[in-house]
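Each remark here refers to the structure printed beneath this line.
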Amino acid sequence: MTTRKSLIAMVHIAKSRMGMDDETYRDWLAKNTGKRSSSDLSDRQLGTLVQTLRAAGYLDEAPASAKVIAGKGANRPTDAQWKTARGLVKKLGLDGGLDGEAFASFVKRVVKVDNPRFLTKATMASVLIGLEKWWADREEKKGMTDNKGRKAVSEVE
């Protein structure tokens with residue numbers, strides 16, 4: 001049986017593999033668990049979080065047979081990261097998907113990488129956070145206006 005201390009350690013290993021600084025990590029943790037510290041999570045929540053991080057490829061190495069868009073290696077984005085990026089790019093309606101100029105420009109602006117094929121697990125984590133924030137901002141703005149771009153009635157004073 002895995003101890004609480006080792007579960008917390010695994011979460012922090014995943015944090016470093018995702019390339020997150022402390023504040024970004026706490027924001028991410030709060031978004032996903034409702035708590036800003038892994039020590040505030042119950043044992044069950046910690047176990048679930050560790051399973052999620054394993055499934056995303058942050059704790060176990062991807063199998064050698066895994067398809068990766070930009071080469072193979074321990075530091076390359078996981079299939080789960082590419083799948084998440086693909087879904088967010090589709091929701092945002094970026095032309096060309098992951099292969100398009102819009103995504104390449106976003107990657108260059110967010111993580112200063114010339115081409116998405118040069119992404120690492122850590123830089124991909126930053127790209128995913130940026131895409132999620134972009135999507136959240138877009139959804140928030142939709143809620144503040146009607147379909148013709150006018151302020152919603154509840155927003156007008």
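Source: prediction; values computed, not measured. Residue indices begin at 1 and follow the sequence shown.
The heavy-atom pair separating Ile8 from Ser38 by the smallest distance is CG2-OG, 3.5 Å. Pairing each heavy atom of Ala80 with each of Ala55, the nearest pair is CB-O, 4.0 Å. The two atoms that bring Pro116 and Val107 nearest to each other are CG-CG2, 4.2 Å, heavy atoms only. The two residues Ala122 and Gly19 come nearest to each other via the heavy atoms CB-CA, 3.6 Å. Between Leu98 and Phe103, the shortest heavy-atom distance links the atoms O-CD2, 3.3 Å. Here the shortest heavy-atom pairing between Thr3 and Ser6 reads O-OG, 2.8 Å.
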>> Under the criterion side chain to side chain contact (heavy atoms under 4.5 Å, CB included), I'd like the reasoning laid out for Lys108 against Val113: C-alpha separation, chi angles, the key distance, then a yes or no.
In response: CA-CA 5 Å; Lys108 190 170 187 173; Val113 173; over 6 Å; no
> Val127 and Leu131: side chain to side chain contact (heavy atoms under 4.5 Å, CB included), yes or no, with the steps?
Replying inline: CA-CA 6 Å; Val127 168; Leu131 290 170; 4.0 Å; yes
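No donor-acceptor distance shorter than 3.5 angstrom exists from the side chain of Thr120 to the backbone of Asn75, with no hydrogens or angles considered. Here the side chain of Arg4 pairs a donor or acceptor atom with the backbone of Ser39 at under 3.5 angstrom. Of the possible donor and acceptor atoms, one in the side chain of Arg138 sits under 3.5 Å from a partner among the backbone N and O of Leu92. Side-chain N or O atoms of Thr123 include none that pairs as donor or acceptor with a backbone N or O of Leu119 at under 3.5 Å. Side chain of Asp21 to backbone of Thr24: a donor-acceptor contact under 3.5 angstrom is found.
For Glu23, the salt bridge (Lys or Arg N to Asp or Glu O under 4.0 Å) partners are Arg36, not counting sequence neighbours. Scored by the side chain to side chain contact (heavy atoms under 4.5 Å, CB included) test, Asp22 finds Lys15, Tyr25, Arg26 as partners (sequence neighbours excluded).
At least one side-chain heavy atom of Tyr58 sits under 4.5 Å from a side-chain heavy atom of Gln81. Taking 4.5 Å as the limit, every side-chain heavy atom of Leu128 sits out of range of all side-chain heavy atoms of Trp28. Using a 4.5 Å heavy-atom cutoff, the side chains of Met10 and Leu46 are not in contact. Side-chain contact between Glu132 and Leu88: present, with at least one pair of heavy atoms (C-beta onward) separated by less than 4.5 Å. Here the side chains of Leu94 and Trp134 are in contact, with some heavy-atom distance below 4.5 Å.
Considering CG of Asn32 and OG1 of Thr48, their distance stands at 12.0 Å, rounded to 0.5 Å. The distance from atom NZ of Lys121 to atom CZ of Arg76, rounded to the nearest 0.5 Å, is 11.5 Å. Atom CG in Asp27 sits 8.5 Å away from atom CD1 in Ile129 (nearest 0.5 Å). Atom-to-atom distance recorded for Met20:CE and Leu29:CG is 9.5 Å, nearest 0.5 angstrom.
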